[in-house]
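The block underneath contains the structure these notes are about, expressed in structure tokens.
Excluded from the calculations below are hydrogen atoms, water molecules and symmetry mates; all remaining heavy atoms, backbone and side chain alike, are included. Just follow the structure's listing: the first ligand is 1, and inside any ligand the first atom is 1.
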Amino acid sequence: MRYQSTRDSNLKLTSAEAIAQGLSMDGGLFVPESFPRLTEDMIISLVSKPYKDRAAQVLGLFLDDFSAEELEKYAGEAYSQSGYDTAAIAPLYRLDGETDFLELWHGPTSAFKDMALQIMPRLLTASLRKTNETREVCILVATSGDTGKAALEGFCDVPGTRIMVFYPQDGVSDVQKLQMTSQSGSNANVVAVNGNFDDAQTGVKAIFSDEVLRAELNEKGFFLSSANSINWGRLVPQIAYYVSAYCDLMANGTIKYGDEINFCVPTGNFGNILAGYYAKKMGLPIKKLICASNRNDVLTDFINTGVYDKNRPFFTTSSPSMDILVSSNLERLLFELAGKDGAFVSNCMAELTQNGQYEVPAHVLKEITSTFAGGRCSEADTDRTIAEVFEKHHYLMDTHTAVAYKVLGDCRAETGDKTPCVVVSTASPFKFCDSVIKALGQPVASNGVELIGALETLTGCPAPEPLGALRDKTPRFLDTVPVDGMKQAVREFLK
Ligand SMILES: *Cc1c(COP(=O)(O)O)cnc(C)c1O
């Protein structure tokens with residue numbers, strides 16, 4: 001199978017080339033030129049298989065320049081019980097007869113990004129070998145919290161790689177900060193930036209496009225790459241958990257093969273829900289994908305009107321991983337919905353850059369609404385949802401998951417759709433202790449990682465082991481740099 005750019009259908013790359021390169025030279029994203037079929041036999045055969053086998057099967061359909069043995073090895077390492085606190089890896093939690101939560105936060109960093117970032121470094125280093133790359137890769141990450149830690153864990157001591165994470169000094173939770181600054185591994189570096197997330201991200205982008213620095217690093221045998229969800233190697237592992245959830249619903253008798261289900265996904269960069277769309281295109285019986293937004297509701301408006309307009313206020317919310325105005329993976333959806341038309345995508349993206357908005361034609365909007373529904377959730381409703389579900393079901397959700405569950409309820413009320421729905425649960429509530437304690441109507445009396453214990457006491461729910469262990473950790477990385485000092489920090493790290 002070959003890969004092409006969303007902005008140029010004539011490019012043809014192997015999967016290893018697409019993963020090694022990350023972003024296409026024309027600014028587009030790599031997409032498979034066609035979608036392999038998930039047959040009935042395949043799905044039925046996966047029902048009795050563990051998560052790692054389900055993942056290897058899905059990956060194998062897309063990465064045909066990797067052998068089955070390679071993919072089984074990587075999936076076995078990435079989704080083993082040493083890194084997850086449950087043998088199921090991505091278990092379903094049944095809330096009631098029509099709703100299940102797909103819990104994607106049982107991995108080492110307690111957020112769904114582990115599902116991709118535990119395996120992506122293995123796919124990337126293999127891709128670099130397959131493309132005869134001899135330089136050492138340094139992954140640069142600007143993070144608002146979850147990605148940085150998941151990337152640090154994924155790349156920890158992976159031979160032939162370095163990883164450097166920049167986070168906004170006052171822009172991440174105390175738990176997230178200590179998760180990153182106490183990271184182990186001899187190939188890692190973590191630096192606070194004196195600025196907000198946008199400053200850190202702008203700084204990283206400037207480093208990527210600095211040709212002098214690139215030449216300098218090349219001399220020393222290094223090159224820079226990124227671990228964000230524009231890379232195909234990060235997106236493709238996410239398809240597996242949609243398939244896995246379907247298999248689990250078959251295994252427990254909720255559905256039989258062919259029955260349609262819905263998924264509701266708390267969305268920021270559109271990477272998670274896009275993987276669900278790809279699963280549907282492969283033939284997984286999905287009826288609707290419900291795209292849930294917090295107050296930053298640019299995607300809700302887009303799905304409902306066909307106008308993408310980022311000219312709007314930006315809000316800092318209690319679900320920070322969804323505080324995004326430009327969802328980069330939407331470009332991949334546009335490409336498919338507009339009939340793989342690279343020129344159309346290029347135009348939309350140019351308009352977005354110039355005017356901050358674009359509008360899709362009616363036939364594309366019709367395609368969107370045939371598969372997607374969109375809804376938003378306010379800050380007050382996020383809190384209320386956490387409290388209500390905890391009182392009624394004794395089930396504790398994080399803020400991102402609560403946004404999705406609220407939007408699902410609204411959607412059901414509005415459409416009367418009775419299709420069973422899987423809510424994709426993206427983080428442990430213990431990653432966002434202060435917001436969750438507040439949502440439960442309690443005062444936030446302590447700070448930092450002490451809140452983990454406070455939330456345990458309040459709810460009787462145990463924190464995931466790696467978060468609980470933070471209480472005994474001391475920070476190892478203490479550097480703070482100004483935004484214009486980031487480049488120098490990279491130079492020093494890659495001496
Ligand atoms: C990253 C993240 C999201 C958003 O996922 P996208 O793929 O960017 O849409 C939602 N919830 C949590 C907890 C996250 O870390």
Side-chain angles (χ1 to χ4, degrees), residues 29 90 101-118 120 141-154 167 171-173 175-176 179-180 197 201 226-232 234-239 241-242 263-279 289-300 302-303 317-333 372 374 376-377 382 386 397-407 423-433 435-436 464 467:
L29 309 182
F101 287 90
L102 173 60
E103 296 182 342
L104 300 180
W105 41 262
H106 289 277
T109 79
S110 307
F112 97 96
K113 293 187 172 64
D114 288 333
M115 298 306 296
L117 280 165
Q118 281 296 301
M120 189 263 197
V141 182
T143 185
S144 56
D146 290 336
T147 304
K149 178 60 183 180
L152 284 164
E153 276 298 321
Y167 68 92
V172 301
S173 79
V175 168
Q176 288 174 321
Q179 273 190 307
M180 291 189 279
F197 171 63
Q201 186 157 50
S226 112
N228 65 25
S229 60
I230 56 173
N231 192 305
W232 180 247
R234 192 160 143 200
L235 202 53
V236 66
Q238 297 181 169
I239 301 172
Y241 52 73
Y242 287 90
F263 283 93
C264 183
V265 188
T267 300
N269 223 354
F270 212 78
N272 192 347
I273 195 167
L274 182 74
Y277 172 74
Y278 286 165
L289 291 160
I290 303 167
C291 174
S293 299
N294 63 24
R295 253 184 113 188
N296 295 297
D297 54 0
V298 59
L299 285 168
T300 308
F302 175 65
I303 289 167
T317 74
S318 61
S319 43
S321 298
M322 298 155 73
D323 291 344
I324 283 175
L325 288 180
V326 177
S327 299
S328 38
N329 269 302
L330 193 62
E331 176 165 350
R332 285 187 162 114
L333 179 70
F372 291 90
R376 63 176 70 77
C377 175
T382 307
I386 291 173
M397 288 183 294
D398 95 293
T399 46
H400 303 76
T401 308
V403 165
Y405 186 65
K406 169 70 169 94
V407 167
V423 176
V424 179
S425 177
T426 50
S428 159
F430 287 89
K431 260 198 127 161
F432 301 95
C433 294
S435 300
V436 173
L467 292 182

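Of the possible donor and acceptor atoms, one in the side chain of Thr399 sits under 3.5 Å from a partner among the backbone N and O of Ser318.
If you check which protein heavy atom lies closest to atom 12 (C) of ligand 1, you get Thr426 OG1, 3.4 Å. Annotation: atom 4 (C) of ligand 1 to nearest protein heavy atom, Gly268 N, 3.6 Å. In this structure, the protein non-hydrogen atom closest to atom 8 (O) of ligand 1 is Asn269 N, 2.7 Å. In terms of protein heavy-atom proximity, atom 1 (C) of ligand 1 is nearest to Lys113 NZ, 1.4 Å. Atom 7 (O) of ligand 1 has its closest protein heavy atom at Asn272 N, 2.9 Å.
Residue His400 has no N or O atom closer than 3.5 Å to an N or O atom of ligand 1. Considering backbone and side-chain atoms together, Ile324 places no N or O closer than 3.5 Å to any N or O of ligand 1. Between Thr267 and ligand 1, a contact under 3.5 Å exists for no N or O pair. Between Ala111 and ligand 1, not a single N/O pair is under 3.5 Å apart. No N or O atom of Asp398 sits closer than 3.5 Å to an N or O atom of ligand 1.
Between Ser293 and Thr300, the closest heavy-atom pair is OG-OG1, 3.4 Å. Looking at every heavy atom in both residues, Pro320 comes nearest to Phe432 through CG-CE2, 3.8 Å. When all heavy atoms of Phe270 and Cys291 are compared, the pair lying nearest together is CE1-SG, 4.3 Å.
The closest approach between a heavy atom of Ser229 and any atom of ligand 1 is not below 4.0 Å.
Less than 4.0 angstrom separates some heavy atom of Gly271 from each of these atoms of ligand 1: 6 (P), 7 (O), 9 (O). The Ala427 neighbourhood of ligand 1 comprises atoms 13 (C), with distances under 4.0 Å to a heavy atom of that residue.
Ring centroid separation for the pair Tyr405 and Phe101 comes in under the 6.0 Å cut-off.
In this structure the side chain of Lys431 never reaches within 4.5 angstrom of the side chain of Asp398, judged on heavy atoms.
In Phe270, the part holding a heavy atom less than 4.0 Å from any atom of ligand 1 is the backbone.
Remark: the Asn296 side chain and the Asp323 side chain contain an N/O donor-acceptor pair separated by less than 3.5 Å.
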